[in-house]
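The block underneath contains the structure these notes are about, expressed in structure tokens.
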Amino acid sequence: MKSNDYVPELARIIDIKEEVEGSRSIKTFRTNFVNPNGFSHRCGQCAMLSVFGKGEAMISISSTPLIKDYLQFSILKTGRVTTALHEMNPGDIIGIRGPYGNGFPIDDWKGKNLIFIGGGIGLAPIWSVLQTALGKKEEFGNLTLYYGSRTSADLVFKEELEKLKSEMTVHLSIDVEEPDWKGYVGFVPANVTEKSPSPENAISITCGPPIMIKFVIKALQDVGFDDRQIYTTVENKMKCGIGKCGRCNIGHHYVCKDGPVYSWAELKDLPQEY
Ligand SMILES: Cc1cc2nc3c(=O)[nH]c(=O)nc-3n(C[C@H](O)[C@H](O)[C@H](O)COP(=O)(O)OP(=O)(O)OC[C@H]3O[C@@H](n4cnc5c(N)ncnc54)[C@H](O)[C@@H]3O)c2cc1C
Ligand code: FES
């Protein structure tokens with residue numbers, strides 16, 4: 001057992017991929033622990049990444065637990081820590097503590113049709129559960145992904161999304177028209193409304209900006225989804241990650257321990273502090 005929960009394990013960055021360039025830059029990092037420690041996560045869990053001398057940031061683990069060779073994180077450059085991470089190179093050392101949070105109850109979803117709905121960097125937490133479902137495809141029904149971003153350049157996992165089209169139904173969208181775009185043009189919730197997925201024997205998992213989540217939930221309810229069939233994640237600011245500091249609370253819930261994954265049936269009655 002660790003003597004201090006706040007001390008991170010050292011990890012080496014083994015690969016960095018630029019997903020999105022420009023002012024909303026996103027990079028995907030693959031890491032290995034310097035001293036392998038049996039770290040194992042459930043899909044939907046997060047980890048606290050640290051850049052020494054800069055600080056820590058809570059980030060979703062975007063790789064499936066089925067892959068043991070590396071841990072993957074996809075990170076939007078927003079402030080102090082994420083900018084420092086974006087300036088790092090393969091071979092550099094970061095700190096990782098975790099895994100934290102509850103994760104998606106994927107074992108309860110066996111035999112169900114899974115509908116993943118993501119916006120922007122929100123595909124990162126979805127990617128872990130989506131890849132897990134794909135890796136155990138025979139245990140689930142139909143798999144469908146709705147994913148959108150502002151422009152085609154802002155889509156993450158572009159190459160992987162192309163490959164995904166041969167394995168599951170993929171509905172991509174961008175907010176405004178572009179000359180060669182063949183997918184849907186408009187916001188993600190509108191794409192969901194247009195395609196009107198069947199709620200029968202289905203679970204939907206949605207992650208993205210809060211405004212997108214709000215309208216996706218409405219779109220799902222309009223086509224008959226029950227609140228227990230809708231799952232999302234809450235990304236309240238976090239500091240300790242272990243239910244001690246009170247930074248992430250929604251009412252009596254510590255999102256870092258009790259979340260970040262909630263069904264809408266659980267979340268809708270909690271105070272709107274997310
Ligand atoms: C459970 C969870 C999972 C997350 N997963 C990912 C992920 O997979 N990829 C990713 O890129 N980011 C993710 N985030 C968000 C990430 O933690 C923050 O963007 C990060 O902490 C910013 O750190 P920073 O030091 O770079 O920015 P700071 O210098 O701390 O802040 C930069 C700006 O962002 C704002 N900010 C910081 N954190 C948050 C937050 N959580 N919500 C809203 N505004 C915030 C600050 O107020 C400030 O305006 C996740 C957050 C949580 C809580
Ligand atoms: S981040 Fe400290 S209690 Fe959740």
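Numbers here simply count residues along the sequence, with the first being 1. Indexing begins at 1, ligand by ligand and atom by atom, following the structure's order.
Counting heavy atoms from C-beta on, the side chains of Leu134 and Leu143 come closer than 4.5 Å. Between Leu172 and Lys165 there is a side-chain heavy-atom pair separated by less than 4.5 Å.
Ligand 2 places these atoms under 4.0 Å from at least one heavy atom of Lys239: 1 (S). Shown in contact with Tyr254 at under 4.0 Å from a heavy atom are these atoms of ligand 2, numbered in order with element: 3 (S). Within the listing of ligand 2, atoms 3 (S) sit less than 4.0 angstrom from a heavy atom of Gly243. Per-residue contacts place Ala57 under 4.0 angstrom from the following atoms of ligand 1 (heavy atoms of the residue considered): 20 (C), 21 (O), 23 (O). Close contacts between ligand 2 and Cys245 involve ligand atoms 1 (S), 2 (Fe), 3 (S) [criterion: under 4.0 Å to a heavy atom]. Every atom of ligand 1 is numbered from 1 in the order shown, and the set under 4.0 Å from a heavy atom of Thr82 is 24 (P), 26 (O). Within ligand 1, the atoms closer than 4.0 Å to a non-hydrogen atom of Val81 are 24 (P), 25 (O), 26 (O), numbered from 1 in the order shown.
Of the candidates Met58, Gln45, His86, it is Met58 that places a heavy atom closest to atom 15 (C) of ligand 1. Of the candidates Lys27, Glu56, Lys77, Glu235, it is Glu235 that places a heavy atom closest to atom 52 (C) of ligand 1. Within the set Thr78, Ile61, Ile75, Val261, the minimum heavy-atom distance to atom 19 (O) of ligand 1 is found for Thr78. Checking Cys46, Pro210, Ser60 against atom 1 (C) of ligand 1, the nearest heavy atom belongs to Cys46.
At the top of the distance list for atom 11 (O) of ligand 1, counting protein heavy atoms only, stands Leu76 N, 2.7 Å. Given atom 46 (C) of ligand 1, the protein heavy atom at minimum distance is Lys237 NZ, 3.5 Å. Counting protein heavy atoms only, atom 27 (O) of ligand 1 is closest to Gly79 CA, 3.3 Å. The protein non-hydrogen atom at the shortest distance from atom 12 (N) of ligand 1 is Ile59 CD1, 3.7 Å. The closest protein non-hydrogen atom to atom 3 (S) of ligand 2 is Gly246 N, 3.2 Å. Of the protein's non-hydrogen atoms, Arg80 N, 3.0 Å is the one closest to atom 29 (O) of ligand 1. For atom 53 (C) of ligand 1, the closest non-hydrogen atom on the protein side is Asn236 O, 3.0 Å. Counting protein heavy atoms only, atom 9 (N) of ligand 1 is closest to Ser74 O, 2.9 Å.
At distances below 3.5 Å, not a single donor-acceptor pair connects side-chain atoms of Tyr146 with backbone N or O atoms of Pro189. Checked by atom type and distance alone, the side chain of Trp181 pairs as donor or acceptor with a backbone atom of Tyr184 at under 3.5 Å. Checked by atom type and distance alone, the side chain of His86 pairs as donor or acceptor with a backbone atom of Ile75 at under 3.5 Å. At least one donor-acceptor pair closer than 3.5 Å links the side chain of Thr82 to the backbone N or O of Gly79. Side chain of Ser166 to main chain of Lys163: a donor-acceptor pair is present (N/O by atom type, distance under 3.5 Å, no hydrogens or angles).
For the pairing with Glu56, the salt bridge (charged side-chain N to carboxylate O under 4.0 Å, His left out) check across Arg97, Arg247, Lys237 returns one residue only, Arg97.
Within the 6.0 Å centre-distance limit, the rings of Phe39 and Phe33 are counted as a close aromatic pair. Side-chain rings of Tyr147 and Trp127 stay apart, their centers remaining 6.0 Å or farther from each other.
No more than 12 heavy atoms of other residues, nucleotides or ligands shown are found within 6.0 angstrom of NZ on Lys54. The local environment of CD in Glu159 is sparse, with at most 12 non-hydrogen atoms from other residues, nucleotides or ligands closer than 6.0 Å.
For the residue pair Asp227 and Gln221, a side-chain donor N or O sits within less than 3.5 Å of a side-chain acceptor on the partner. Side chain to side chain, Ser74 and Thr28 meet the donor-acceptor criterion of an N or O pair below 3.5 Å.
Heavy atoms of Lys244 found under 4.0 angstrom from ligand 2 belong exclusively to the backbone. Residue contacts with ligand 2, taken as heavy atom pairs separated by less than 4.0 Å, involve Met238 via backbone and side-chain atoms alike. With a 4.0 Å heavy-atom cut-off, ligand 1 is reached by no atom of Ser62. Neither the backbone nor the side chain of Thr233 comes within 4.0 Å of ligand 1, counting heavy atoms alone.
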Please report the C-alpha distance between Thr64 and Thr132 in whole Å, then the side-chain angles of each, then the deciding distance to 0.1 Å, and finally whether the side-chain hydrogen bond (donor to acceptor under 3.5 Å, both in side chains) criterion is met. CA-CA 5 Å; Thr64 162; Thr132 306; 3.0 Å; yes
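There is no protein heavy atom less than 4.0 angstrom from atom 49 (O) of ligand 1.
The angle Cys248:SG - atom 4 (Fe) of ligand 2 - Cys256:SG amounts to 100°, with values rounded to 10 degrees.
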